[in-house]
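Scope of the values below: all heavy atoms of this structure, side chains included, with no hydrogens, waters or symmetry mates. Reminder, nothing fancy here: chain letters follow the sequence lines and each chain counts from 1.
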Amino acid sequence: MRLPRLFRTTPFRLTLLFLALFGAAASAFLAYIYVATAGEAQRRTDKEITREAASLAGAYNRGGLDGLNQSLIERAANERPFLYLLMTPQGQRISGSIAESPLDKFDGSPTWASFSVSDLDAENRPVKHPARGFQERLASGEILFVGADIGEDQAYVGKIVRALWGAGALVVVLGLAGGVLVSRNVSRSMASLTDVVASVRNGDFGARARVRGSRDEFDELAEGINDMLDRLERSMAGHRHAGDAIAHDLRSPVTRLRARLEAAYIDLEAGRGNAEQALAQALEDTDGVLKTFGAVLAIARLQAAGEAPSPQLLNPGELAANMAELYEPVCEDVELEFRAELAQDLVVRGNHEFLAQALANILDNAVKYTPTGGAIMLRVRQRSSGEVEFSVTDTGPGVPEADRSRVVDRFVRLENSRNQPGAGLGLSLVAAVAEAHHGRLELAEGPGMVGDIGPGLRVALVLPRA
Amino acid sequence: MRILIVEDDVEAAEAMDRGLTEGGHECRRAADGEEGLAVARQAEFDVMIVDRMMPRMDGVTLVETLRRDGDQTPVLFLSALGEINDRVTGLKAGGDDYLVKPYAFAELIARVEALSRRRETGSVQTLLKVGDLEMDLIGRSVHRQGKEIDLQPREFQLLEFMMRHAGQSVTRTMLLEKVWEYHFDPQTNVIDVHISRLRSKIDKGFDRAMLQTVRGAGYRLET
């Protein structure tokens, strides 16, 4: 038979274990209390009996047997709790408040005895009380017994014992109840986490653990799990988007490639066309496909990771200077004026390779879309907010304001922005790089109309202070 | 050149084998890491082309094992993994170069040839000489037919790389990686611009153009 679920939970088992330990400790404690109280009562009785016997011995010493007898009769008549018996050396009763000695055998040396006495209760029914006494032989040979009814003391000890039993039972009951409560509480918290795990296992990645706001370790665990699931979901969404985007972005170039190859094949079969040229074209197309594939993959991986890999502290001015060195001749080649203003004393934290690629993409775009005779400005500076800004300003046609946000938007909307002039896959990668560095990409109007062309574009990659 | 190809993709290995053999090289093939290790221990090779992910023993383990044995044969890693970290892992394991799949065959040949050359020039050189072109690495000066050619620092680095690989094809990607140390593809042909500037400095006014464009591959400095 399987135990009910509750009894199989770890907290309940722990409760039982602690209950056992606590029970053992409580038993030892209660045992000590019992010994201390009940034992003390008996010691006190014995002391009193001894004192009474000594007092009678005094009377005997002063007045002999007669004096003792006298004193004994007086005391027996009083409302004292003691029991007396004076006997002949042979054990015959002379006087006293009880009929015979409770001791069957008496060898003459002082002896203690526990016995019981009969009495009548309030309704004249005979009851037996526990009693205790002391018997000794007097110097003249007579035997003296002094005892006391300890019924009241025993009743008191009995009360203590009953109280102790009650306390023990209470400990067990309260302990069990507490254990059940705690276990139920913990089990419920665990159950909600288990449910989330089960849901996710069954494919529901939207399932989240409930955070109760108690800020305990269960909340921490729930938050941790939720955080993990968020990341997983984002990562999976990233991969899914990557798959969609790759399919979308590559379908047309691959289809084009296929059509070209087919046409070339038909031409060659018919004895027309140039095989070499067709192959060269096919190679070029394939390279284009691979380039797109690489860019889409890079974006998706960055987005899925959510963080730039192996970040380090680097000098943005130096990084931009290297890029300027790479692109200045390119600008000169297509007759664009190129200028750079690079602050050299800044620090950013990031991945050198990705930041360089992002800058290269921005510069590529500027070179591509700025007409001959235009100008490009590369700038690195610190904003008053402390953020570090890389910016490229050109005198090209710019991007209409309505489309700017779409260009910077996440990869999902890439398809829309890709068809806009001036915003290719390159800027999507820049946006992904910015996001992976906890920064952002800003697009704004450039320097305005230059000749008939304008308003130009200002692309800024803004990174948080290191 | 004796080349060992360790690649589990039979078709890819065959294509490499065919291409390299036609280029005048002698190839041996191994279908997985363990076989590759055995073959590499039996014979001497000038270059090894090693796929990273293979059954039985992966490429990184293979190269690590060889390096522990003291084998210093240059290794070109091939991998479908192109992340920076993967590249670093490969190079740390003892690889000398790293090529991400899919690749152009011209790129593979250029890198393999560059690797073999690097091995030969192990000693420290202070003077590079290719035809009538001379580069003084200590004085940082370049002369052609005794005439001094004034180069910018980057142009100097670019020419140094071309001279160290004189007679071999060098691709744009290799130049971007080895001279500028970037591992990405710029959209515009930035490298072409830099090469054409360098060309105008070292070839202009001389009877023979040394810096040649290799169609479909990159550039070559003729000896």
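- Counting non-hydrogen atoms of neighbouring residues, nucleotides and ligands closer than 6.0 angstrom, the CZ atom of R208(B) exceeds 12 such neighbours.
- Summarising the local packing, OH of Y265(A) is surrounded by 12 or fewer heavy atoms from other residues, nucleotides or ligands at distances under 6.0 Å.
- Residues P102(B) and L290(A) approach most closely at CG-CD2, 3.1 Å, considering heavy atoms.
- Your options are D287(A), L326(A), D333(A), and the one with the most heavy-atom pairs under 4.5 Å with chain B is L326(A).
- Both the backbone and the side chain of P329(A) come within less than 4.5 Å of a heavy atom in chain B.
- Of all non-hydrogen atoms in V330(A) and V193(B), the two that sit nearest each other are N-CG1, 3.7 Å.
- Heavy atoms of H194(B) lying under 4.5 Å from chain A belong exclusively to its side chain.
- Applying the 6.0 Å contact sphere to CZ of R258(A) captures no more than 12 heavy atoms from other residues, nucleotides or ligands.
- For chain B, no part of E284(A) is nearby; none of its heavy atoms comes within less than 4.5 Å.
- Nearest heavy atom pair, residue N322(A) against residue R154(B), reads OD1-NH2, 3.6 Å.
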Hey, mind stepping through Q357(A) and Y182(B) against side chain to side chain contact (heavy atoms under 4.5 Å, CB included) and telling me if it holds?
CA-CA 8 Å; Q357(A) 176 157 21; Y182(B) 291 131; over 6 Å; no

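- Within 6.0 Å of CD on E148(B) lie more than 12 heavy atoms contributed by other residues, nucleotides or ligands.
- Neither the backbone nor the side chain of Q152(B) comes within contact range of chain A; no heavy atom of the residue lies under 4.5 Å from a heavy atom of that chain.
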